[in-house]
Amino acid sequence: MLNADIEATAAMLHLEEKDYQIAYSYFYEAFELYQQNKNKEKSAQLFSYMILTKIMSGFISEAEILL
């Protein structure tokens with residue numbers, strides 16, 4: 001779980017830097033780790049951030065695919 005927290009924190013830092021593609025990658029890694037540990041609340045939150053990064057980077061069609 002510590003690794004998932006680190007990935008999520010790194011993603012937030014990249015999100016602040018407006019590096020949306022890297023942030024998405026970190027969010028995805030953290031999302032997978034929380035899914036493996038059956039933490040539905042945290043994985044749902046990260047999934048929202050994943051969609052947000054796709055929208056903010058202009059890849060709206062990819063965000064629709066995720067949904």
Side-chain angles (χ1 to χ4, degrees):
M1 294 302 293
L2 179 61
N3 194 28
D5 289 337
I6 291 170
E7 297 282 344
T9 303
M12 293 301 282
L13 291 172
H14 283 280
L15 192 61
E16 283 186 30
E17 301 271 327
K18 297 183 180 170
D19 191 357
Y20 303 122
Q21 292 178 351
I22 300 296
Y24 176 83
S25 296
Y26 280 115
F27 282 132
Y28 182 76
E29 291 296 324
F31 171 78
E32 283 188 329
L33 291 170
Y34 282 117
Q35 283 287 93
Q36 289 173 359
N37 290 306
K38 310 242 187 291
N39 188 335
K40 292 181 182 182
E41 182 179 320
K42 193 68 173 178
S43 61
Q45 179 185 20
L46 291 171
F47 186 72
S48 298
Y49 282 124
M50 288 167 55
I51 293 170
L52 177 66
T53 57
K54 288 295 182 182
I55 292 170
M56 293 178 75
S57 61
F59 298 116
I60 295 173
S61 62
E62 290 182 21
E64 291 173 345
I65 291 171
L66 288 174
L67 294 171

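Note on Tyr34: it clusters hydrophobically with Phe47, by side-chain heavy-atom contacts below 4.5 Å among ILVMFWY residues. A continuous path of Ile, Leu, Val, Met, Phe, Trp and Tyr side chains, each step under 4.5 Å between heavy atoms, connects Leu15 with Leu66, placing both in one hydrophobic cluster. Linking ILVMFWY side-chain heavy atoms closer than 4.5 Å, directly or via other members, places Ile55 and Met50 in a single hydrophobic cluster. Neither Phe59 nor Leu67 shares a network with the other; the hydrophobic side chains, linked directly or stepwise wherever heavy atoms of I, L, V, M, F, W or Y lie under 4.5 Å apart, form separate groups for each. Taken together through direct or relayed side-chain contacts under 4.5 Å among Ile, Leu, Val, Met, Phe, Trp and Tyr, Phe31 and Met12 form part of one hydrophobic cluster.
Residues Ala30 and Ala4 approach most closely at CB-O, 3.6 Å, considering heavy atoms. Of all the heavy atoms in Asp19 and Ile22, the pair that sits closest is OD2-CG1, 3.2 Å.
Under the ring pair (Phe, Tyr, Trp, His ring centres under 6.0 Å) criterion, Tyr20 pairs with no residue at all, not counting sequence neighbours.
A donor-acceptor distance shorter than 3.5 angstrom exists from the side chain of Asn37 to the backbone of Leu33, with no hydrogens or angles considered.
Between atom CD of residue Glu62 and atom CD of residue Glu64 there is a gap of 10.5 Å, rounded to the nearest 0.5 Å. For the atom pair Thr9 OG1 and His14 NE2, the distance stands at 11.5 Å (nearest 0.5 Å). Remark: Thr53 OG1 to Leu46 CG distance equals 10.5 Å, nearest 0.5 Å. To the nearest 0.5 Å, atom CD of residue Glu29 and atom CD of residue Glu7 are 5.5 Å apart.
Heavy-atom contacts from other residues, nucleotides or ligands closer than 6.0 Å to CD of Glu32 number more than 12.
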Could you check Glu17 against Leu13 for side chain to side chain contact (heavy atoms under 4.5 Å, CB included), going step by step and ending with a plain yes or no?
-> CA-CA 6 Å; Glu17 301 271 327; Leu13 291 172; 5.6 Å; no

Check step by step if side chain to side chain contact (heavy atoms under 4.5 Å, CB included) holds for Met1 and Asn39.
-> CA-CA 10 Å; Met1 294 302 293; Asn39 188 335; 3.9 Å; yes

